[in-house]
Amino acid sequence: MASLPNIPVEIWRHIFIQIIRVPELLLTNRIDPFSPVRESDLHNERDIYTQTSLLLVCKDWNAVVSELVCEHIYLTSARHVEVIASRFERSKNRQGRRGLGFRTRRVDVRIYNPIARDMANLARILRCTPNLEIFTNSNSHKTSPVGSHYIPPPVRTPDDVIQALLSTCALSLRRLEWTHNECPSWDDLMALLRELHSLCSLTLANISGSHPEKSQREHLILPNLKTLILGDSPSFSHASLGNVPLNAFLTMLSDSPDQLPSLQRLEGFSPFSPTFLGMHGHKIRMVRTVAYTPLLPEIIAKCPNLDTFITIFPHQYLDPLSHTSLRRIGIFPISEDVVGAPTQIFSAYIMKPLEDLMSQIDQSDLPNLAQVHLRNVGTLAGVVEYPKFIWKWQDRWNSRGVRFDDTNGHLFDAQIPDMVESPVGSRENLRVSSGI
């Protein structure tokens with residue numbers, strides 16, 4: 001085999017960056033939900049096989065690749081957490097303050113029923129990461145389900161993890177997420193929000209414990225927070241709608257407009273807090289929520305500069321809306337997991353309500369509407385099997401100068417195969433047969 005070219009290690013570093021990094025994983029604000037890139041898919045884009053191969057080439061390559069690999073740590077097992085904790089501590093002892101954890105910008109932890117030792121090891125990792133910008137906790141704690149609609153209670157994130165975030169990462173953290181039923185307590189959340197002055201994105205599926213009286217007098221100011229996501233994303237179910245801690249948190253942030261001067265994106269349960277929207281609604285450019293609340297027109301009205309509205313389907317009922325600045329509407333599935341259903345069931349419980357929802361949007365007074373985005377994955381994946389529906393609404397939105405596109409940002413019209421053969425063309429036949 002020919003020898004490798006004699007290129008300085010610094011040049012190899014730039015080459016390795018293109019191979020190893022998944023740029024979107026290091027974004028400190030959430031990606032646009034209309035993007036074809038999904039947050040849930042980003043972890044799968046990491047090429048672990050290539051990373052391992054590069055580590056074995058030579059000592060110089062191992063050093064450079066190790067640093068790049070450590071920029072993002074994705075922890076999915078107790079063993080993995082323990083190994084990384086020991087590795088980070090050893091590198092720190094050898095190299096002083098500039099151990100491997102010095103390079104870490106993002107840590108994701110997703111462990112099923114973690115025990116105290118696992119969380120202690122996680123805290124060891126965090127104490128080695130002084131430049132951490134993103135921390136995502138997706139740990140889930142579940143016991144035997146009680147009934148088909150069992151909702152596991154919130155479990156408090158241990159103190160040593162919170163203290164590690166505060167003592168080591170407070171100056172650098174910009175994005176903080178709890179996405180499952182492990183979550184911070186009220187006191188821990190308040191301590192974090194008082195110290196994380198650079199925080200620009202916060203996701204809270206829940207808050208553990210009752211709301212203490214002293215927190216009611218807390219005047220939090222989050223100067224850089226642009227994105228606030230509350231509840232069990234992506235479905236924002238009834239469990240979120242009646243979530244007392246999250247409602248109390250919104251109320252706490254409703255004292256004055258200076259508490260959230262940078263807020264632009266609000267996602268979560270509905271109807272939100274009317275007081276919160278009255279105080280901050282004029283700043284908000286994007287809302288994602290369920291659509292069946294009777295207060296939805298009021299929510300829209302209190303966001304006069306709204307650019308993007310996303311509704312979760314099948315929470316599909318929309319009163320006719322009226323908004324002068326709204327440009328984009330997204331229809332997202334309640335679940336993005338692969339599902340299947342008999343044709344008759346899918347037609348009755350998906351396509352008929354979806355047709356009604358599209359009609360409601362069409363009847364709304366939205367003079368600046370430019371895009372209707374239908375995220376055809378999960379429970380909505382089967383819509384591409386209904387070309388009459390697709391072509392009807394493609395024609396309708398085209399006639400209004402509105403783009404109608406799918407989860408990849410492609411026009412639906414270009415994705416449907418010719419399913420009816422005719423000298424005149426399948427599209428014309430379907431137009432006639434559907435009564436358009």
From [X] atom [atom1] to [Y] atom [atom2], the distance as rounded to the nearest 0.5 Å:
X	Y	atom1	atom2	result
R156	I162	CZ	CD1	8.0 Å
L321	I329	CG	CD1	6.5 Å
I299	I284	CD1	CD1	10.0 Å
E195	S167	CD	OG	11.0 Å
L122	E82	CG	CD	13.0 Å
I310	R375	CD1	CZ	8.5 Å

I'd like to know if the side chain of [X] reaches the main chain of [Y], judged simply by a donor and an acceptor atom lying under 3.5 Å from each other, with no hydrogens or angles considered.
X	Y	answer
S208	P184	no
D395	K392	no
S254	L250	yes
R175	L27	yes
D362	M358	no
S399	R396	yes
K283	C303	no

Establish, from distance only, whether the side-chain atoms of [X] and [Y] form a donor-acceptor pair under 3.5 Å.
X	Y	value
W178	T203	no
E177	N137	no
W393	E355	yes
N181	S140	no
D188	S185	yes

| query | Could you walk me through whether L222 and L193 pass the side-chain contact (heavy atoms from CB on, under 4.5 Å) check? | reply | CA-CA 7 Å; L222 307 176; L193 296 182; 4.0 Å; yes

Looking at [X] and [Y], what are the two nearest heavy atoms and their distance?
X	Y	result
L196	A170	CD2-CA, 3.4 Å
H72	D108	NE2-OD1, 2.8 Å
L189	I207	CD2-CD1, 3.7 Å
H323	L326	ND1-N, 3.3 Å
P304	G281	CD-O, 4.0 Å
T129	L126	OG1-O, 2.9 Å

I want to check something: taking the side chain as every heavy atom from C-beta on, are [X] and [Y] in contact at a cut-off of under 4.5 Å?
X	Y	value
E182	S138	no
T104	N131	no
S201	R174	no
L374	L354	yes
C200	T227	no
F34	F332	yes
T311	T289	no
T251	F276	no

Is the count of non-hydrogen atoms from other residues, nucleotides or ligands lying under 6.0 Å from [X] atom [atom1] greater than 12?
X	atom1	answer
K302	NZ	yes
R117	CZ	no
Y349	OH	no

| request: Please test N376 against T407 for side chain to side chain donor-acceptor pair (under 3.5 Å), starting from the C-alpha separation and ending with a verdict. | output: CA-CA 6 Å; N376 57 308; T407 188; 5.0 Å; no

| request: Report the C-alpha separation of Q259 and H219 in whole Å, then their side-chain angles, then the decisive distance to 0.1 Å, and conclude whether the side-chain contact (heavy atoms from CB on, under 4.5 Å) test is met. | output: CA-CA 8 Å; Q259 291 180 280; H219 186 77; 3.7 Å; yes

| message | Assess the residue pair R124 and D160 against the criterion (salt bridge (charged side-chain N to carboxylate O under 4.0 Å, His left out)); give the C-alpha distance rounded to whole Å, side-chain angles, the decisive distance to 0.1 Å, and a yes or no. | response | CA-CA 9 Å; R124 291 170 59 199; D160 51 355; over 6 Å; no

| Between V81 and I111, is a side-chain contact (heavy atoms from CB on, under 4.5 Å) present by the stated rule, with each step listed? | CA-CA 10 Å; V81 178; I111 303 176; 3.6 Å; yes

| What do the steps show when you test F313 against T379 for side-chain contact (heavy atoms from CB on, under 4.5 Å), and what is the final call? | CA-CA 9 Å; F313 187 89; T379 51; 5.5 Å; no

| request: List the steps, then state whether salt bridge (charged side-chain N to carboxylate O under 4.0 Å, His left out) holds for K92 with E89. | output: CA-CA 5 Å; K92 186 177 179 181; E89 288 175 344; over 6 Å; no

| request: Could you check R285, R327, R265 and say which one makes a salt bridge (charged side-chain N to carboxylate O under 4.0 Å, His left out) with D307? | output: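 Exactly one pass, corresponding to R327.
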
| Check against side chain to side chain donor-acceptor pair (under 3.5 Å), H373 and D405 | CA-CA 5 Å; H373 181 84; D405 57 13; 2.9 Å; yes

| said: Could you work out, with side chain to side chain contact (heavy atoms under 4.5 Å, CB included) as the rule, every residue matching E133, not counting sequence neighbours? | reply: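 Scan of E133 (side chain to side chain contact (heavy atoms under 4.5 Å, CB included), adjacent residues dropped) gives T28, R105.
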
